[in-house]
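The structure under discussion appears below in the form of structure tokens.
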There are 2 protein chains.
Amino acid sequence: MNTFERILDTALELFNRSGSEAVSTNHIAEAMGISPGNLYYHVHNKDEIIRAIFERLFTAWDTWLSLPEGVVPTVDDLAGLVRVNFEILWQFRFVYRELNALIQHDPQLKSRFIQVRQRGFAGFRQLFDGFAQAGILRPGSDPQEVQRLAEMCWMISEFWLPTLEISGQEINPAHLQHGVELMLFLLQPYRVDG
Amino acid sequence: MNTFERILDTALELFNRSGSEAVSTNHIAEAMGISPGNLYYHVHNKDEIIRAIFERLFTAWDTWLSLPEGVVPTVDDLAGLVRVNFEILWQFRFVYRELNALIQHDPQLKSRFIQVRQRGFAGFRQLFDGFAQAGILRPGSDPQEVQRLAEMCWMISEFWLPTLEISGQEINPAHLQHGVELMLFLLQPYRVDG
DNA sequence: GTCTATATAATGATAGAC
DNA sequence: GTCTATCATTATATAGAC
């Protein structure tokens with residue numbers, strides 16, 4: 001693996017462990033066993049490292065939401081999808097721990113994040129259109145219903161890990177499952193099958 | 001006002017504007033027009049400033065949830081309560097922007113936050129028991145129903161502002177109202193009155 | 001209580017030899 | 001590509017005069 005990718009690997013590990021603010025470029029270099037000067041040959045600055053790690057997350061999200069064409073998704077698929085996102089966000093856990101601060105500090109990162117997240121939600125949202133068309137969700141009188149269900153599920157998908165952390169709860173399969181169940185619970189009144 | 005409180009006022013303003021990491025004790029002293037040495041006469045260190053500001057938030061929350069005795073709350077009261085929490089969290093907006101990072105960095109702050117938040121949720125949760133007893137929520141077959149509704153509403157109450165920020169949406173009354181409406185939407189299927 | 005002056009350490013980043 | 005050496009800057013924090 002090339003040095004640039006190794007820098008990202010190491011930085012991600014340290015950021016997840018100690019937070020990106022507490023981890024200096026010197027720490028990263030030391031953890032890799034290279035000199036600080038060498039690190040700066042491969043990256044311009046610390047912000048670039050953070051942005052590159054974010055791009056890795058974005059790639060993971062792209063794969064996450066690239067669903068097979070023409071297949072009608074079920075609510076179980078949705079639950080599985082959210083579980084996968086929990087895994088992704090655990091892998092990049094420093095991101096949502098510091099997200100609002102990070103994008104406030106770096107306008108370039110902010111616009112990029114907002115753009116990618118927006119696209120991600122659009123894809124996620126499509127699942128719910130699929131549910132409605134497949135008759136999995138009952139036809140509602142309120143046209144905003146599907147939109148709102150998607151927004152709530154998305155919120156759980158994004159903020160369940162941070163919620164567990166500020167509750168003092170361990171991030172383990174049982175506690176993650178609680179988030180999935182919360183999501184299924186809020187879909188319950190609108191489901192035809194369940 | 002005494003100097004300690006003025007330090008907290010100034011620090012809160014700067015933290016909200018630039019993030020607590022970017023603001024040094026020197027910045028705070030300068031913004032107040034006192035010397036760095038003088039600031040350290042009044043506080044031991046920066047962590048103490050952050051903890052003291054958190055205590056202010058906790059006090060605001062205490063007042064927030066101290067409801068008049070024996071009065072049966074309505075769903076409108078709940079909506080109003082959540083709006084007030086949005087105002088509180090706006091006043092202390094650096095807190096939820098950095099919350100997971102801050103409590104990871106300061107174990108003392110972490111245990112205190114978890115404790116206060118737990119108590120806060122218990123009070124919030126009581127509202128929902130009140131709803132159930134008053135017949136505002138339909139009697140559900142699932143005993144966990146009330147708990148889950150409270151958890152979802154609490155999540156909106158906590159994370160709606162961060163959600164707006166990472167969506168690139170301005171924090172204004174209309175966008176805040178959207179959060180309230182999301183909450184009312186998820187209560188809808190369980191309401192008897194609506 | 002408030003100031004000036006300062007100690008100490010760490011940060012991000014660069015220059016130039018190899 | 002990698003190193004050593006180093007810089008300028010900033011951060012937290014303290015000592016001691018007033």
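Every chain is numbered from 1 and lettered A, B, ... according to where its sequence line falls, protein lines coming before strand lines.
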### Query
In whole angstroms, how far is the C1' atom of D/dC7 from the CG atom of A/Asn26?
13 Å
### Query
Does a side-chain N or O from B/Asn38 land closer than 4.0 Å to OP1 or OP2 of C/dC3, or not?
yes
### Message
In whole Å, I'd like the distance from the CG atom of A/Asn2 to the C1' atom of D/dT2.
### Response
15 Å
### Task
Using only heavy-atom distances, determine whether the side chains of A/Asn16 and A/Trp90 contain a donor-acceptor pair under 3.5 Å.
no
### Task
May I ask you to evaluate whether A/Tyr41 reaches the phosphate of D/dG1, defined as a side-chain N or O under 4.0 Å from OP1 or OP2?
yes
### Task
Compare side-chain N and O positions of B/Tyr40 against OP1 and OP2 of D/dA13 and report whether any pair is under 4.0 Å apart.
yes
### Message
I want to know whether A/Tyr190 and B/Phe185 have ring centres closer than 6.0 Å.
### Response
yes
### Message
Does a side-chain N or O of A/His27 approach OP1 or OP2 of C/dT11 to a distance below 4.0 Å, or not?
### Response
yes
### Message
For B/Ser20, is there any backbone N or O sitting under 3.5 Å from a side-chain donor or acceptor partner on B/Glu98?
### Response
yes
### Message
I want to confirm an ordering. Mapping A/Glu21 and B/Gly37 to their closest nucleotides on DNA chain C, which one lands closer to the 5' end?
### Response
B/Gly37
### Message
Please tell me if A/His42 has a side-chain N or O lying less than 4.0 Å from either OP1 or OP2 of D/dT2.
### Response
yes
### Query
Ring centres of A/Phe92 and A/Tyr96 under 6.0 Å apart?
no
### Message
I need the NE2-C1' distance between A/His105 and C/dT11, as an integer number of Å.
### Response
13 Å
### Task
Identify whether any heavy atom of B/Asn45 sits under 4.0 Å from a base atom; if not, whether one sits that close to sugar-phosphate; answer base, sugar-phosphate or nothing.
sugar-phosphate
### Task
Kindly point out which of D/dT2, D/dT4, C/dT2 is positioned nearest to the side chain of A/Thr3?
D/dT2
### Message
Does C/dA13 have OP1 or OP2 under 4.0 Å away from a side-chain N or O of A/Thr25?
### Response
no
### Task
Starting at atom CZ of B/Arg6, determine the distance to atom C1' of C/dT2, rounded to an integer number of angstrom.
12 Å
### Task
Using a cut-off of strictly less than 4.0 Å, decide whether A/Ser24 has a side-chain nitrogen or oxygen near OP1 or OP2 of C/dT11.
yes
### Message
Measuring centre to centre across the rings, with the benzene-like ring taken for any Trp, is A/His178 within less than 6.0 Å of A/Trp160?
### Response
yes
